[in-house]
Amino acid sequence: MPELPEVQTIVSDLNKEIKNLRIVNLWLDLPYSIDRKKLIGSTILGVRRRAKNILIDLDNEGILLIHLKMTGKLIINSKIKMQNEKFRKHVHLVFDLDDGRELVFSDVRKFGKVILDSKKRIEARLLGLGPEPLSKEFTFPVFDLAIVNRRRAIKLVLLDQYVISGIGNIYSDDILWKARIDPRKLACDLSLKEKKRIWSAISNVLSRAIKLRGSSISDYRDFYGKEGGYQKIRLVYDRYKEKCRRCAAMILKIKIGGRSSCFCPGCQK
DNA sequence: AATCGTTCCTGATAGC
DNA sequence: TGCTATCAGGAACGAT
């Protein structure tokens, strides 16, 4: 499930690989909101990330917004990949580029979103999103203000893109383990010290994950089809019934607001 | 205004 | 072995 580190990895590689290329054709088999006439012939100026959205800036004042949701993948075409029947089955979009390669979007569960719209309208859609946790603007007071008085489990607050952007289920679990906080604890009940621990765990965990090119726990793959490395060193996510890396208690899995949540009952208070 | 539950979809796997 | 039920997940949406 692509979260900030996975999306950032893909965006960095897209910038290396497809910048300044022209889109010369489009194939799709799901009703994505893309006007062919506006897309074909446009040139890619660059690729950015906002929250978990991939934004491809085009030279015609348009932006292609791609949200991978759970199983969306963006892959640069390789003949080997496309000959693989299992992979081809879930390909729903193919952008032909003017260097002869193809930018391929596949999505097993079909939750992914791909929209072409004007710069103005795409940016308007993204307006309410919370601050970027790895930006300079994400100081402790900014974080504190975003979560203060919220009568919700801190786990759910961290997952809310309109509070802080980019964190999903894997990294919210790991952040709270690192900060030694029970995920069920209400945000409004956290002490200043606890909030500071969470704030510093956010940048620590996310930047470590970016260095390792994300987590391939279920089916995330990068732009080249390769796995990330964070899953090997993950702190608590999906370690249900295993021993805590810190206190050796058994990791529990519970539901919080419909989300599965792994934590250590021994050292997360 | 903030929070909660439901929904979309498919493949993997747990349980019988 | 083979079937069915459950689970996984982000975020839009409607209800409270």
Side-chain angles (χ1 to χ4, degrees), chain A residues 1-8 10-11 28-33 49-55 65-74 84-93 105-115 117 121-122 124-130 132-133 145-176 183-190 206 209 214-221 227-228 230-231 234 236-241 251-263:
Chain A
M1 46 245 71
E3 306 179 25
L4 187 154
E6 291 76 27
V7 178
Q8 185 61 50
I10 292 169
V11 164
L28 73 170
D29 72 347
L30 285 179
Y32 297 111
S33 176
R49 180 187 62 75
R50 176 71 175 103
K52 299 172 194 165
N53 299 285
I54 297 168
L55 304 174
L65 178 152
I66 302 174
H67 195 306
L68 303 170
K69 291 285 178 87
M70 264 82 71
T71 55
K73 288 184 188 132
L74 269 179
N84 180 328
E85 205 177 314
K86 247 187 172 173
F87 176 82
R88 218 173 37 202
K89 184 180 172 192
H90 301 294
V91 168
H92 299 300
L93 260 172
F105 178 74
S106 80
D107 190 7
V108 170
R109 291 182 210 169
K110 303 178 183 172
F111 284 6
K113 196 164 63 177
V114 183
I115 296 167
D117 209 338
R121 286 173 39 165
I122 293 284
R125 289 178 77 106
L126 303 172
L127 260 184
L129 288 167
E132 283 291 335
L145 190 68
I147 71 165
V148 80
N149 292 337
R150 296 204 180 247
R151 298 197 62 82
R152 271 190 114 176
I154 182 62
K155 160 87 177 175
L156 299 178
V157 173
L158 292 180
L159 286 173
D160 188 337
Q161 302 303 297
Y162 293 87
V163 176
I164 306 158
S165 57
I167 299 171
N169 217 26
I170 298 172
Y171 300 110
S172 58
D173 274 5
D174 272 18
I175 286 163
L176 291 171
R184 297 165 293 189
K185 194 156 187 179
L186 301 184
C188 59
D189 292 341
L190 292 163
L206 293 178
S215 303
S216 296
I217 285 165
S218 51
D219 56 359
Y220 164 74
R221 294 295 180 275
E227 292 191 358
Y230 185 88
Q231 70 282 2
R234 69 185 188 274
V236 75
Y237 176 82
D238 202 31
R239 296 194 68 240
Y240 172 52
K241 287 184 178 169
I251 301 299
L252 293 184
K253 181 161 80 171
I254 59 166
K255 287 266 181 192
I256 304 175
R259 292 279 157 263
S260 75
S261 185
C262 290
F263 74 105

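We name chains A, B, ... by the order of the sequence lines, and we start the count at 1 in each one.
Checking the phosphate oxygens (OP1, OP2) of dG11(B), a side-chain nitrogen or oxygen of H90(A) falls inside 4.0 Å.
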What pairs of nitrogen or oxygen atoms, one from the protein and one from nucleotides 14-16 of chain C, lie under 3.5 Å apart?
none

Please tabulate, one pair per line, each protein N/O and nucleotide N/O from nucleotides 13-16 of chain B that are separated by under 3.5 Å, including the distance.
none

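The shortest side-chain heavy-atom distance between D173(A) and F263(A) does not fall under the 4.5 Å cut-off. Counting heavy atoms from C-beta on, the side chains of T71(A) and H90(A) never come closer than 4.5 Å. At a threshold of 4.5 Å between non-hydrogen side-chain atoms, the residues I10(A) and R49(A) do not count as touching. By the 4.5 Å heavy-atom criterion applied to side chains, H92(A) and V114(A) are not counted as neighbours. With a 4.5 Å cut-off on side-chain heavy atoms, S33(A) and D117(A) do not count as touching. Under the 4.5 Å side-chain criterion, counting only non-hydrogen atoms from C-beta, M1(A) is not in contact with L68(A).
Of all heavy-atom pairs spanning G130(A) and S165(A), the tightest one is O-OG, 3.1 Å. Scanning all heavy atoms of the two residues, the minimum distance from P133(A) to L4(A) falls at CG-CD1, 3.7 Å. Taking every heavy atom of both residues into account, C262(A) and V236(A) meet most closely at CB-O, 3.4 Å. When all heavy atoms of K52(A) and G168(A) are compared, the pair lying nearest together is NZ-CA, 3.6 Å.
Using a 4.0 Å heavy-atom cutoff across all strands shown, Y220(A) reaches no nucleic acid atom at all.
Across the protein-nucleic acid pair, L4(A) atom CG and dA11(C) atom P stand 11 Å apart, rounded to whole Å. Straight-line distance from the CG atom of L68(A) to the C1' atom of dA11(C): 14 Å, rounded to whole Å. In this structure, the CD1 atom of I164(A) is 16 Å from the C1' atom of dA11(C), given to the nearest Å. Rounded to an integer number of Å, the gap from CZ of R150(A) to P of dA1(B) is 13 Å. As a whole-Å value, the separation of N149(A) CG from dA2(B) C1' is 12 Å. Whole-Å rounding puts the K73(A) NZ to dG11(B) P distance at 12 Å. Taking atom CZ of R50(A) as the reference point, atom C1' of dA11(C) lies 15 Å away to the nearest angstrom. dT3(B) atom C1' lies 12 Å from atom CG of L186(A), rounded to whole Å.
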Under 4.0 Å protein heavy-atom contacts per nucleotide of nucleotides 5-10 of chain C, with B for base, S for backbone only and - for none: ---BBB

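Between Y171(A) and E6(A), the side chains place a donor N or O and an acceptor N or O closer than 3.5 Å (distance only, hydrogens not considered).
A distance of 8.0 Å separates CD of Q161(A) from CD1 of I167(A), quoted to the nearest 0.5 Å.
For the helix from dA2(B)-dT16(C) to dC16(B)-dG2(C), the terminal axes (five pairs an end, C1' atoms, rotation from four pairs onto the next four) enclose an angle of 50°, given to 10 degrees.
Pairs of residues two or more places apart, or lying in two chains, never qualify as salt bridge (charged side-chain N to carboxylate O under 4.0 Å, His left out) while including a residue from residues 65-74 of chain A.
Sequence order on DNA chain B of the closest nucleotides to L156(A) and V108(A) puts L156(A) first from the 5' end.
Minimum atom distance to the side chain of K110(A) is reached by dC9(B), of the listed dA12(C), dC4(B), dC9(B).
The side-chain contact (heavy atoms from CB on, under 4.5 Å) search around L126(A) returns R50(A), N53(A), L55(A), L65(A), I122(A), L129(A), not counting sequence neighbours.
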